[in-house]
Amino acid sequence: MSVETQKETLGFQTEVKQLLHLMIHSLYSNKEIFLRELISNASDAVDKLRFEALSKPEWLEGGAELKIRVSFDKDAKTVTIEDNGIGMSREDAITHLGTIAKSGTADFMKNLTGDQKKDSHLIGQFGVGFYSAFIVADQVEVFTRRAGLDASEGVHWASKGEGEFEIATVDKAERGTRIVLHLKDAEDEFADGWRLRNIVKKYSDHIALPIELPKEQAAAEGEEAPAQEWEVVNRASALWTRPRTEIKDEEYQEFYKHIGHDYENPLSWSHNKVEGKLEYSSLLYVPARAPFDLYQREAPKGLKLYVQRVFVMDQAESFLPLYLRFIKGVVDSNDLSLNVSREILQKDPIIDSMKSALTKRVLDMLEKLAKNEPEQYKGFWKNFGQVMKEGPAEDFANKEKIAGLLRFASTQGDDGEQVVSLAEYLARAKEGQDKIYYLTGETYAQVKNSPHLEVFRKKGIEVLLLTDRIDEWLMSYLNEFDGKSFVDVARGDLDLGNLDSEEEKKEAEEVAKSKEGLVERIKASLGDAVSEVRVSHRLTDSPAILAIGEQDLGMQMRQILEASGQKVPDSKPIFEFNPAHPLIEKLDGEQSEERFGDLSHILFDQAALAAGDSLKDPAAYVRRLNKLLVELSV
Ligand code: ADP
Ligand code: MG
């Protein structure tokens, strides 16, 4: 035992304490994953060393083979995981093993409910990492030394997982990290060669460096125990370099969990090798669930980049567009240089062509998922639909392909679930229908009951109902799909084209003519509040409706701009009325100009309310309405 100096006791960050508590109490059903996490860290540490050693070969300290060793002591009830990777300095150990540096940790903690079942699921999404050691151990010791530091700058870190840890400086001859788990009494089954071997095979077969366990050997009677021999128990080759046909689904899944820091299996993956002008392999995964920080700016995005099997960087975001930021995976290039940096990646034309190829692969993979596993795709859409909707604006070249992947709620459903594809919509469109109709709004209830849908309901025409905040913006980028243009049913002078018969058109014209007087009267009464007044052919049941001008901003866009403090150009709605409605007939026959004014204003305000808009002068509306109510009751 070497001498300890500069010993101190430090407290864990609050979040770590919470996480530890939670983990110990909620991950009891899958305890063995601690080994996967620790091996995963060891493998990351070796990757980092390999990369750093490209420019600092002396860090290899003579160049022993890079590997991970897992051993155990049945009597002492310990399991030890050792690597000769990059190691940690004292500072490293304090920050990396005492805090959680992940972005959004606080958010994550806020999401915890206290309900163990739900929380253990959340924890799965968060990735438990090093602290999972405390699922099986009541004391954890870490001996580590950072590559490039002197043997006297080793570190001994120890904790019982109860709020604090001890740290001291010790001698450590070998670079790298050794983690000793002092198993809880009830967990001593893990101090067993057979058990450990099975766990390694199960979770870590894909790790690209040798994982060794002690060879089982019995000392012969009366002889001294022979020197320890080791044997490699995993396959130890980078998964993505092997031929697709030789890789089992479980292997793909375990590899995903390793690189994706996820506990759940992915929904789908796509593994490819490209040869020719550019040479690279890619393995891309669609996760089953959105990470809790999908919408945070600083959240991790991008793929792991390898150059000729050497790990170069995490989160190489230049390989996929932002709207595909949830995709996990690796890219291994033969063309890039090993000392490539983020800045170079951003400019390199090789990357551009890789990016478009990888983007296409992901979109193809999603298409396939949608086609072959519609139920799974539903889940995908629930989790990632909002992000996919950023696609058409960001990725012009793939607009049509992305549009094909979008899913919407529509008047054909009754629960607002986003399940209708554009292809499906067109497949059941009415004869002669050459447009895709949609309506945007604040909530599903609001659009579902919107008067704008009356004529569509009457004619049995499906309308897509868009209520995500991003929808109006999305639609401003989608002009057409499959040659059919999109039409906002609340906008402009609704032209149903062939869907209206000649008779209907003629009749509408006649009605419009006969109501010219009323139009003028309303115009005079509403004055500046409207840009136009006209007879509607959208309505069957409601008396009046507000339409948006062809070029004007819709309500969602207006609200978004206003919320971001921008000046929104003034636009006035078009007031359309339903000449067949009894209230309009009453209005038409109204002799008192005062009463005419009140009623037309009430109709105007009601139309605004039905569209989900707020009233400019709600008190005036209430006053007018009450006046009428009083008259009614006398
Ligand atoms: P993650 O692996 O997601 O970063 P972990 O909780 O698993 O989170 O590990 C926290 C950090 O501790 C790692 O990022 C790394 O910096 C450090 N670490 C853990 N294990 C090792 C190791 N074997 N060698 C070097 N550093 C390690
Ligand atoms: Mg880890």
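We count ligands from 1, going down the list as the structure has it; atoms in each ligand are counted the same way.
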Practice task
Give a yes or no on whether Lys368 atom NZ has more than 12 heavy-atom contacts from other residues, nucleotides or ligands under 6.0 Å away.
Solution key: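 Not buried by this count: 12 neighbours or fewer within 6.0 Å.
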
Problem - Heavy atoms from other residues, nucleotides or ligands near NZ of Lys160 exceed 12 (cutoff 6.0 Å) - result: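 For Lys160, atom NZ is not crowded (no more than 12 foreign heavy atoms under 6.0 Å).
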
Practice task
Assess Lys378 against Trp381: is NZ or CZ under 6.0 Å from the centre of the six-membered ring, and within 45 degrees of the ring's axis?
Solution key: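 Because its charged atom misses either the 6.0 Å distance or the 45° angle limit, Lys378 does not stack over Trp381.
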
Practice task
Using the ring of Trp230 (Phe, Tyr or Trp, six-membered ring only), decide whether Arg69 places NZ or CZ under 6.0 Å from its centre and within 45 degrees of its axis.
Solution key: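 Checked: cation-pi criterion met.
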
Problem - Close side-chain approach of Tyr280 to Asn272, heavy-atom, < 4.5 Å - result: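 When only atoms from C-beta onward are counted, Asn272 and Tyr280 do not touch, as no gap falls below 4.5 Å.
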
Problem - Sub-4.5 Å side-chain heavy-atom contact between Lys328 and Tyr256 - result: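 SC-SC contact between Lys328 and Tyr256 confirmed.
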
Practice task
Determine the sole option in Glu254, Glu246, Glu251 for which the salt bridge (Lys or Arg N to Asp or Glu O under 4.0 Å) test with Arg235 is passed.
Solution key: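 Exactly one candidate clears the test, Glu251.
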
Problem - Contact atoms of ligand 1, heavy-atom distance to Leu97 under 4.0 Å - result: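 Every atom of ligand 1 under 4.0 Å from some heavy atom of Leu97: 12 (O).
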
Exercise for the section: Give the numbers and elements of all ligand 1 atoms closer than 4.0 Å to a heavy atom of Gly129. Expected result: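 Counting atoms of ligand 1 from 1, those under 4.0 Å from Gly129 are 5 (P), 6 (O), 7 (O).
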
Handout entry: Protein N/O/S count near the Mg ion (ligand 2) (criterion: distance under 2.8 Å)
Key =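 Considering protein N, O and S only, the Mg ion (ligand 2) has 1 within range.
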
Exercise for the section: Scan for ring pair (Phe, Tyr, Trp, His ring centres under 6.0 Å) pairs involving residues 320-361, sequence neighbours excluded, and state none if there are none. Expected result: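 Every pair satisfying ring pair (Phe, Tyr, Trp, His ring centres under 6.0 Å) with a residue in residues 320-361: Phe326-Phe380, Phe326-Phe384.
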
Problem - Sidechain-backbone polar pair: Asn234 side chain, Ile211 backbone, donor-acceptor under 3.5 Å - result: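 At least one qualifying donor-acceptor pair exists.
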
Problem - Test item: Tyr285 side-chain N/O and Leu267 main-chain N/O as donor-acceptor pair under 3.5 Å - result: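 No, Tyr285 side chain to Leu267 backbone: no donor-acceptor pair under 3.5 Å.
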
Exercise for the section: Please indicate whether any nitrogen or oxygen in Tyr131 is less than 3.5 Å from any nitrogen or oxygen in ligand 1. Expected result: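 So ligand 1 has no N or O lying under 3.5 Å from an N or O of Tyr131.
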
Handout entry: Under 3.5 Å: N/O of Asp44 near N/O of ligand 1
Key =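 In fact, backbone or side chain, Asp44 has no N or O that close.
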
Practice task
Pick one of side chain, backbone, both or neither for how His261 approaches ligand 1, counting any non-hydrogen atom pair under 4.0 Å.
Solution key: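 Looking at His261 and ligand 1, just side chain atoms fall under 4.0 Å.
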
Exercise for the section: For ligand 1, indicate whether the residue Leu38 contacts it via side chain, backbone, both or neither (heavy-atom separation under 4.0 Å). Expected result: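 No part of Leu38 comes within reach of ligand 1.
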
Exercise for the section: Pick whichever of Val142, Thr177, Asp314 has a heavy atom sitting closest to atom 24 (N) of ligand 1. Expected result: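 The residue whose heavy atom sits nearest atom 24 (N) of ligand 1 is Thr177.
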
Exercise for the section: Check each of His96, Met88, Glu37 against atom 11 (C) of ligand 1 and report the one with the nearest heavy atom. Expected result: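 Nearest heavy atom to atom 11 (C) of ligand 1 lies in His96.
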
